[in-house]
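Given the structure is predicted, the values throughout are model-derived calculations rather than measurements. Counting starts at 1 for both ligands and their atoms, in listed order.
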Amino acid sequence: MAQKISLTRYLVEKQGSAQAVAPQLQLLLEVVADSCKSISSAVNKGALGGVLGTAGSENVQGEVQKKLDIISNDMLIEANEWGGTLAGMASEEMDEILPIPAQYRQGDYLLMFDPLDGSSNIDVNVSIGTIFSVLKKSGTAAVAESDFLQAGAQQVAAGYCVYGPQTTLVLTVGQGVVMFTLDRELGTFVLTQDQVQIPVDTKEFAINMSNMRHWDAPVKRYVDECLAGKEGPRGKDFNMRWIASMVADVHRIMMRGGVFMYPWDKREPEKPGKLRLMYEANPMSWLVEQAGGGATDGRQRILDIAPTKLHQRVAVVLGSKNEVDRVTQYHTQP
Ligand code: AHG
Ligand code: MN
Ligand code: MN
């Protein structure tokens, strides 16, 4: 039988090669993976673990927090604060950055996360996930929000874990995308796919169609052309999927291609989009690019956006390269 390659072994075997992952980063990624195991276990318990329902509080974005949003956030903090690899953390569920408490060893890395993505799906037993992004802090001054405000192109690691029929961890350290499936009997993430590639063409799109009347003309044009099918300008029929968990929608695209859009719309015109740049769009964009796909806000590459705020929002178009290029072209050369 072929040997199982654990996440630890995968990272260790890179040591000594040109693709070596710094030991501190390796440790950090293993601890993040451990937190994902804990979250997966809480998710699996569902009603039996008393983890469903709302927590009765709101986050900085004014969204009602679910119990699992808070539980997952706490699990990530507790696992990562003592490891000595981090200078600070930031999360969708925390208004401000969290510097590593003084009693623990300080490191150079910065960890950002969406602890529980797809919160509206928790109580209905549909796939949800965790998204994370790792940056490096420069200088020796005490960590501040400004240290986190780096463009996505500066990420040193990014990933997500999807809690679905299987728990799958998807990771990049800038050398392509790898997938690990949680083996519950062994308690380890086992390598199940190396060098993931997103097909450049697709017949599948993902967007929340109920917002159609609020969209801008380029997005409406693109979706209208998909809907026109074989008889339309695209000359082929398209299928549509919308899970309402970005992690699950992106995972489908990683596995078989497709395009995912959460565009700017007229509901809240002052906001550039719904999704958050630092811990949703940036890590997902890097993963998608590392798998041969594209990611823009409709006009420019997401990874090139210089952030100004921790919780800033952004429009997102990502997935199969040729479709992302087409949507971007509809915005830039209408
Ligand atoms: P979160 O649960 O972390 O707030 O993120 C939810 C996001 C994203 O996962 C998903 O694609 C989108 O919100 C769904 O939004 P709609 O409910 O507007 O379709
Ligand atoms: Mn999210
Ligand atoms: Mn979330």
With nothing but distance in play, are any N or O atoms of N211 less than 3.5 Å from an N or O of ligand 1?
no
How far is atom 15 (O) of ligand 1 from the closest protein heavy atom, and which atom is that?
K274 NZ, 3.0 Å
Does ligand 1 have an atom that lies less than 4.0 angstrom from a heavy atom of N121?
no
Would you sort out whether V177 and L171 count as a side chain to side chain contact (heavy atoms under 4.5 Å, CB included), showing the intermediate values?
CA-CA 6 Å; V177 175; L171 178 70; over 6 Å; no
Please report the shortest heavy-atom distance between F113 and P115, naming the atom on each side.
O-CD, 3.5 Å
Contact between T167 and F189 at the side-chain level, heavy atoms closer than 4.5 Å - yes or no?
yes
If we ignore hydrogens and angles and just use 3.5 Å, is the side chain of Q154 paired with the main-chain N or O of Q150 as donor and acceptor?
no
Identity and separation of the nearest protein heavy atom to atom 6 (C) of ligand 1:
D117 OD1, 3.9 Å
Paired with M75, the side chain to side chain contact (heavy atoms under 4.5 Å, CB included) test is passed by just one of D34, L68, I39, T130, namely I39
Inspect the surroundings of NZ in K236 and state if more than 12 heavy atoms from other residues, nucleotides or ligands are less than 6.0 Å away.
yes
Are K203 and D237 within salt-bridge range, i.e. N to O under 4.0 Å?
no
Could you tell me the residue and atom name of the protein heavy atom closest to atom 18 (O) of ligand 1, and the distance to it rounded to 0.1 Å?
Y262 OH, 2.6 Å
Would W242 and F260 count as a close aromatic pair, with their ring centres under 6.0 Å?
yes
For P218, does its backbone N or O pair with a side-chain atom of D216 as donor and acceptor, under 3.5 Å?
no
Excluding water, the protein N, O or S atoms sitting under 2.8 Å from the Mn ion (ligand 2) are D114 OD2, D117 OD1, E280 OE2
Could you tell me whether S119 approaches ligand 1 through its side chain, its backbone, both or neither, with non-hydrogen atoms closer than 4.0 Å?
both
Checking heavy atoms under 4.0 Å, the part of L275 that sits near ligand 1 is side chain
Which of the atoms of ligand 1 are close to S245, meaning less than 4.0 Å from one of its heavy atoms?
9 (O)
Have a look at N208, L68, I122, D114 and point out the one with the heavy atom closest to atom 19 (O) of ligand 1.
N208
For E280, the ligand 1 atoms whose distance to one of its heavy atoms is below 4.0 Å
3 (O), 5 (O)
Ligand 1 atoms in contact with W242 (distance to a heavy atom under 4.0 Å)
11 (O), 14 (C), 19 (O)
Look at the side chain of K66 and the backbone N and O of I122, then say whether any donor-acceptor pair between them is shorter than 3.5 Å.
no
Check against salt bridge (charged side-chain N to carboxylate O under 4.0 Å, His left out), K230 and E225
CA-CA 10 Å; K230 265 200 191 93; E225 289 180 0; over 6 Å; no
Ignoring hydrogens and geometry, is there a side-chain-to-backbone donor-acceptor pair from S40 to C36 under 3.5 Å?
no
Could you tell me if any non-hydrogen atom of G118 lies under 4.0 Å from any atom of ligand 1?
yes
Kindly identify the option in M246, Q61, R276 whose heavy atom sits closest to atom 4 (O) of ligand 1.
R276
Note: ligand 1 atoms sitting under 4.0 Å from heavy atoms of E92 are 1 (P), 3 (O), 4 (O)
Can you tell me if K137 uses its side chain to pair, donor with acceptor, with the backbone of A141 under 3.5 Å?
yes
I'd like to know whether the aromatic ring centres of Y10 and F180 sit less than 6.0 Å apart in this structure.
yes
Taking a cutoff of less than 4.0 Å between a non-hydrogen atom of the residue and any ligand atom, is D69 in contact with ligand 1?
no
Please determine if S120 has a nitrogen or oxygen closer than 3.5 Å to a nitrogen or oxygen of ligand 1.
no
